[in-house]
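Note on naming: letters A, B, ... go to the chains in the order of the sequence lines (proteins, then strands), and numbering restarts at 1 for each one. Note that these values count all heavy atoms, side chains included, but never hydrogens, waters or copies made by symmetry.
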Amino acid sequence: MRRFLRENSLSIFFGVIFLAALAGQAIAGHIVYNEDQLAHDGETISLARYLVSSSFGNAVMENWQSEYLQFTLFVMATVWLVQKGSPESKELGKEGGESDEDQKVGRHADENSPRWARYGDWRTKVFSNSLFILMTTIWLLSWFAQSVTGWGEYNAEQITHKQPRVDWLGYVTSADFWEATLQNWQSEFLAVGSFAVFAIFLRQRGSPESKPVGAPTYDATGQEG
Amino acid sequence: VQDRALVGRKPVAMRLMMVLYTTLIFAGLALYIVVGVTHN
């Protein structure tokens with residue numbers, strides 16, 4: 001058990017704080033939702049009902065989609081784009097998918113390589129892009145979930161204000177949907193871009209997200225400490 | 001570099017983490033897609 005906790009501490013830690021933050025969001029969101037209902041002479045709902053409401057779902061999915069887009073873009077952009085001096089970048093001159101030899105695929109795979117890296121056919125192609133495929137799938141599904149939950153929320157608001165309902169296409173082309181989407185995207189893009197630059201000049205001793213403390217500032221591209 | 005500690009035993013814990021995260025994410029996605037679609 002102790003070995004299990006030590007060997008998986010990073011994913012366990014983030015899983016636990018995710019659930020704690022989600023629970024906190026649910027409790028706070030439920031209070032806000034019911035306060036709003038009372039202010040508009042509406043009916044209050046239980047916490048259990050709130051957890052399966054469009055309101056809560058929309059708040060959760062809106063953030064999920066932007067995080068998964070961020071990681072998807074980061075995974076793909078760092079294949080072709082570089083930042084000299086940044087540990088988040090690959091070395092200059094290595095832009096692109098790299099050779100089969102470098103990537104240990106097909107006949108260059110060794111005995112420890114995953115099976116799908118060895119085949120050298122369509123399965124190797126799929127496996128070579130599997131991280132991107134999964135992250136993109138989660139991003140698109142969560143963005144779709146944001147759109148359908150936001151659509152319900154938007155129409156509930158329209159009814160309250162005696163305005164006509166809109167269809168799904170009307171909602172995904174509305175300013176409401178794009179404001180909710182882009183306000184999340186902009187913060188993710190800024191955080192990633194600035195982090196790639198900050199990591200050229202600054203260090204965190206012991207972190208694989210940083211260069212080693214003594215690594216040269218204007219070089220050591222792609223070096224992780 | 002192959003982790004020497006892995007040789008000879010199945011990496012059950014790592015697979016468990018993969019299954020837990022993937023299940024959690026897709027359960028959440030399915031739930032709120034259903035909630036959103038049925039709400040309208």
Side-chain angles (χ1 to χ4, degrees), chain A residues 1 3-16 18-19 22 49-65 67-68 110-113 134-135 137-156 158 165-168 170-171, chain B:
Chain A
M1 187 62 183
R3 188 166 75 182
F4 170 78
L5 293 175
R6 188 170 53 86
E7 288 183 352
N8 301 279
S9 55
L10 186 64
S11 37
I12 292 170
F13 171 71
F14 276 101
V16 169
F18 160 71
L19 291 174
L22 189 70
R49 174 67 191 84
Y50 177 69
L51 288 178
V52 291
S53 68
S54 281
S55 178
F56 182 63
N58 186 240
V60 174
M61 291 297 113
E62 190 179 302
N63 287 277
W64 280 26
Q65 65 87 3
E67 300 301 332
Y68 281 94
D110 60 35
E111 72 271 20
N112 294 323
S113 300
L134 179 64
M135 299 300 273
T137 303
I138 298 172
W139 167 50
L140 289 174
L141 286 175
S142 49
W143 200 17
F144 178 68
Q146 177 199 334
S147 78
V148 287
T149 50
W151 176 36
E153 281 291 279
Y154 186 78
N155 275 338
Q158 290 288 93
R165 290 169 60 93
V166 297
D167 59 15
W168 180 77
Y171 179 66
Chain B
V1 178
Q2 178 79 346
D3 185 345
R4 284 178 190 282
L6 284 178
V7 177
R9 67 188 177 91
K10 285 188 176 173
V12 177
M14 285 181 277
R15 288 181 184 180
L16 177 67
M17 300 315 293
M18 181 69 181
V19 169
L20 282 177
Y21 268 103
T22 313
T23 306
L24 181 80
I25 290 165
F26 281 94
L29 292 172
L31 172 66
Y32 292 117
I33 287 172
V34 170
V35 164
V37 170
T38 53
H39 187 161
N40 286 279

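Taking CG from B:L29 and CG from A:L140, the interatomic distance works out to 10.5 Å, rounded to the nearest 0.5 Å. Distance check, rounded to the nearest 0.5 Å: NE2 of B:H39 to CG of A:N58 gives 10.5 Å. Here OG1 of A:T137 is found 11.5 Å from CD1 of B:I25. Values are rounded to the nearest 0.5 Å. In this structure, CG in A:N8 is found 8.0 Å from CG in B:L16, a value given to the nearest 0.5 Å.
Side-chain atoms of B:Y32 do not come within 3.5 Å of backbone N or O of A:V148 as any donor-acceptor pair.
In this structure, chain B has no heavy atom under 4.5 Å from any part of A:S147. Of the two parts of A:Y154, neither the backbone nor the side chain holds a non-hydrogen atom closer than 4.5 Å to a non-hydrogen atom of chain B. For A:W64, the part lying near chain B is the side chain, with the backbone staying farther off; criterion is any non-hydrogen pair under 4.5 Å. Contacts between A:I12 and chain B at a heavy-atom distance below 4.5 Å involve backbone atoms as well as side-chain atoms.
Side chains of B:I33 and A:M61 form no contact here, defined as non-hydrogen atoms less than 4.5 Å apart.
Heavy-atom pairs under 4.5 Å with chain B were tallied for A:S11, A:G150, A:A156; the largest tally goes to A:S11. Interface summary for chain B: among A:S54, A:S142, A:A145, the most heavy-atom pairs under 4.5 angstrom belong to A:S54.
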